[in-house]
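The block underneath contains the structure these notes are about, expressed in structure tokens.
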Amino acid sequence: MEVEKTPEKGKLSYLQYPVKGSDRRVTVATTRPETMLGDTAVAVNPNDERYGDLVGATLLLPIQNREIPVVADEYVDPQFGTGAVKVTPAHDPNDYEMGLRHDLPQIVVIDPNARMTEAAGEGFFGLDRYKARERVIEQFEELGLLEKAVDYEFSISRCERCKTVIEPLIMLQWFCRMDEMRELALGLMRKEGKPHFTPQVPYEKVYTDWLENLKDWTISRQLWWGHQIPAWYTSDGRVFVARSEEEARAAAGTDELTQDQDVLDTWFSSALWPFSTLGWPDETDDLKTFYPTSVLVTARDIIFLWVSRMVMTGMKFMRETPFQDTFITGTVLDKHGQRMSKTKMNGIDPLDVFDKYGVDATRLVLASIGSTDTRWNDNQVEAYRNFANKIWNAARFCLMNSEGASVGRGFDASAREEWALHDRWIMSRLNKTARETNDAIEAYQFHEAVQTLYHFFWDDFCDWYIELSKQEVSAEEASDERSAARSRLLSVLEQALRLLHPFMPYITEELWQRLPGVDESLLHTAYREGAARPTIMLASYPQADASLIDERAESEMQAVINLISRVRNIRTEMNIKPSERVRLIIASPEESARSVFEASREQMARLARTSEILIRERLEAPRASARAVLGGGAEVAVPLEGLIDFETERARLSREMEKLQKESAKLEAQLANPQFVERAPAEKVSEIRERLSDITERTRRLTETLEAIR
RNA sequence: GGUCGAGUAACUCAGCCCGGUUGAGAGUGCCUGUCUUACAAACAGGAAGUCGAAGGUUCAAAUCCUUCCUCGACCACCA
């Protein structure tokens, strides 16, 4: 963590060590020649034929004139370098391991200040490590034992902060034994599947793999910042580990104690967070109430550092998982796909983003980033800033027209059958939205939750519901109908704000407070009594009312919406100015469809900007009309005497026809395949048949239409 | 070296776990109109993708499997 690796250029020196009692020399390669002063062996691979006869032989370590053995060790890669490795147990982690395996002495030749120790010998003692490196090379040259020195690029460990090159050193440290805690965590995952990771693939495996390979944990750090190690020493060197200095004194039988200067690894302290913050080790009310917690939201690289350790200490001290679930977020990268870092200076300052686009918009962006990495782009924030603006303006419209109205009124539950189509529709959409949003949040599908809310608010509520109800809502004269319509508008808005609140806390609170009729009754039951003032923060999160989900209303409203859209499309394609009103002829063989259109006359007229609407069983329109075929056998014609350009209209309809034919060709091919009809589920097959027959019907009508203007 | 992710419209991303209901989507950008009294940070309409490549499984593949290519991450580290 605190060490960073950088590839750097250096020299790889080939040093020769004479074999005792022979003329042979063994060549070893090293990037740190000064460490040879602390060599206690040379290792070769046991299967390396070049050195087979040398295993067990004794070498004469130059300069030091010390005798060191040749040992065989699997660690050595015969393909690399000379196939012989100098072993410096005191200054290299791998060499240390080898040293243990072959029972080699550890000779410390570099001290904590990177100067050579007395053990480095006369002539080196007190010397800076790099000076020592030069001198070692010089002496090898003089002795004729320097075979060569070649340029070499290798990775160097540097301190993350000060960039000083790190030298491995043997030091006394405090360790935490991990075997028991590891088993506790692994057992929890095996037996209860906790903590449950989202996404489960691949993070559950990442987590368990890491635990399975866990070694004892070095928990002491030579820093000043942190919890000091609870170990005390007596003047004669005895050590007492205790909960407090008092305990240590009692145990030691003396007051003359010095506490260990080291501090705990910050992650050790953090590992206790889920319960230490709740008052542990005291059995506080907070601890009883809030442990275990529900979910930890965090980044990938924290799984090892923190998640696993909280689980282990939680299991050890609380005997229970610290959290049920872990949600792993993606990482926000810069626009080139690079990780943001202080050294690269490619980070984004959230405060700047807040200033530019607002806190809610920023939060919405971050909330909708899933578990894959994503590049930061201002566009997304800007889009959500626009969304916030949209919410603001929609609410402004509702409030401008709120006289005589109040949240919670308007939707008379006893008279649902009498609600207008668009009211039944918006309530259905609202409740579906609530259902989908709750489900999405439950499954940690935040992106989906945000998308659902975004489209409900913008598309359903703003683009359609407000427009559909505008006439009644903004009537000049006050009336019960007007108040009811206004109340319905406010009620839908109010619930939408509550649904949006976790994602956009500020704007929703600001607006919610202003709505007439918000009071304690909207608060979550836990807060209904005693709340100083209603706040959206304590309001209950809207849950879907299944009885208000009305598929029929949705499809009927959709038919009207489609019709309006088609007429708008015709208007644009035919270059009809917005100010110009057109006549509309709608035809449908279905009585029920006609009555739906009949009921929506006023709205169609306003939103499609028409002067007159005729609704009939059969389409009888002037030749000079633009037409469109809708689903369910309905057709619409826009008479355009003198305005229509038949060439344009034919082209428009032909494009339409092409689309239909492509689609029907696909479906026909599918049905022509006997394997499909035989093996696919029956409902799938009949669904395709239905779709095809619908398309065939539309194609037929379109053909007629095309012929009519020939 | 080990492990794992990503590649879908010009850009940033959903969808993939659990194959067919998304007759491939969103936002931005682009094109054409419009200041229609909530909103031009908007409204209305439109164009745009053989879902990295090649195979395979299947009646059916963006979705499952294999291989490859290109990016990226993490872990371990070579004297």
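Letters go in sequence order (proteins before strands), and every chain restarts at 1.
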Looking only at side-chain N and O atoms, does A:Ser368 come under 4.0 Å of OP1 or OP2 in B:G27? no
For A:Arg396, the salt bridge (Lys or Arg N to Asp or Glu O under 4.0 Å) test, sequence neighbours excluded, returns none
Distance in angstrom units between A:Arg339 CZ and B:G5 P, rounded: 17 Å
Base, sugar-phosphate or nothing for A:Leu399? Non-hydrogen atoms, less than 4.0 Å. nothing
For atom CD of A:Glu403, is the number of surrounding heavy atoms from other residues, nucleotides or ligands below 6.0 Å larger than 12? no
Identify whether NZ of Lys or CZ of Arg in A:Lys470 sits under 6.0 Å from the centre of the six-membered ring of A:Phe397 and within 45° of that ring's axis. yes
Going by ring pair (Phe, Tyr, Trp, His ring centres under 6.0 Å), name the residues that satisfy it together with A:Trp464, two or more places apart in sequence or in a different chain. none
Output the single nucleotide from B:U21, B:C75, B:C13 whose closest atom is nearest the side chain of A:Thr374. B:C13
Mind checking the C1' distance from B:G7 to B:A62? Whole angstroms is fine. 12 Å
Consider the side chain of A:Ala680, meaning its heavy atoms from C-beta on, and name the nucleotide among B:A6, B:A73, B:G20 that approaches it most closely. B:G20
Nucleotide nearest A:Tyr75 (side chain, heavy atoms from C-beta), chosen from B:A79, B:A41, B:A38: B:A79
At less than 4.0 Å, is any side-chain N or O atom of A:Asn575 found next to OP1 or OP2 of B:U32? Yes or no. no
Contacts to RNA chain B from residues 447-465 of chain A, heavy-atom cutoff under 4.0 Å, which residues? A:His447, A:Gln451, A:Tyr454, A:His455, A:Trp458, A:Cys462, A:Asp463
Please list residues of residues 207-215 of chain A whose heavy atoms come under 4.0 Å from any atom in RNA chain B, ordered by number; otherwise none. none
Return the nearest nucleotide to the side chain of A:Asn569; candidates are B:U12, B:G46, B:C77. B:G46
Calculate the interatomic distance between A:Arg375 atom CZ and B:A14 atom C1'; express it in whole Å. 17 Å
Of the listed nucleotides (B:A79, B:G45, B:A38), which one gets closest to any side-chain atom of A:Lys470? B:A38
How many whole angstroms separate atom CG of A:Asp301 from atom P of B:C75? 8 Å
Give the nucleotide from the list B:C13, B:A38, B:A44 with an atom nearest to the side chain of A:Lys390. B:A38
So, using salt bridge (Lys or Arg N to Asp or Glu O under 4.0 Å) as the criterion, who are the partners of A:Glu436 when residues are at least two apart? none
Salt bridge check, A:Lys659 against A:Glu656: does any charged N sit closer than 4.0 Å to a carboxylate O? no
Within this structure, what is the CG-to-C1' distance between A:Leu667 and B:U21, rounded to whole angstrom? 13 Å
Should we say atom CZ of A:Phe327 is surrounded by more than 12 heavy atoms from elsewhere, each under 6.0 Å from it? yes
Take N1-N3 plus N6-O4 or O6-N4 for Watson-Crick, N1-O2 plus O6-N3 for G-U, both under 3.5 Å. Which runs of 3 or more such pairs involve RNA chain B? B:1-7 with B:69-75, B:10-13 with B:25-28, B:30-34 with B:42-46, B:52-56 with B:64-68
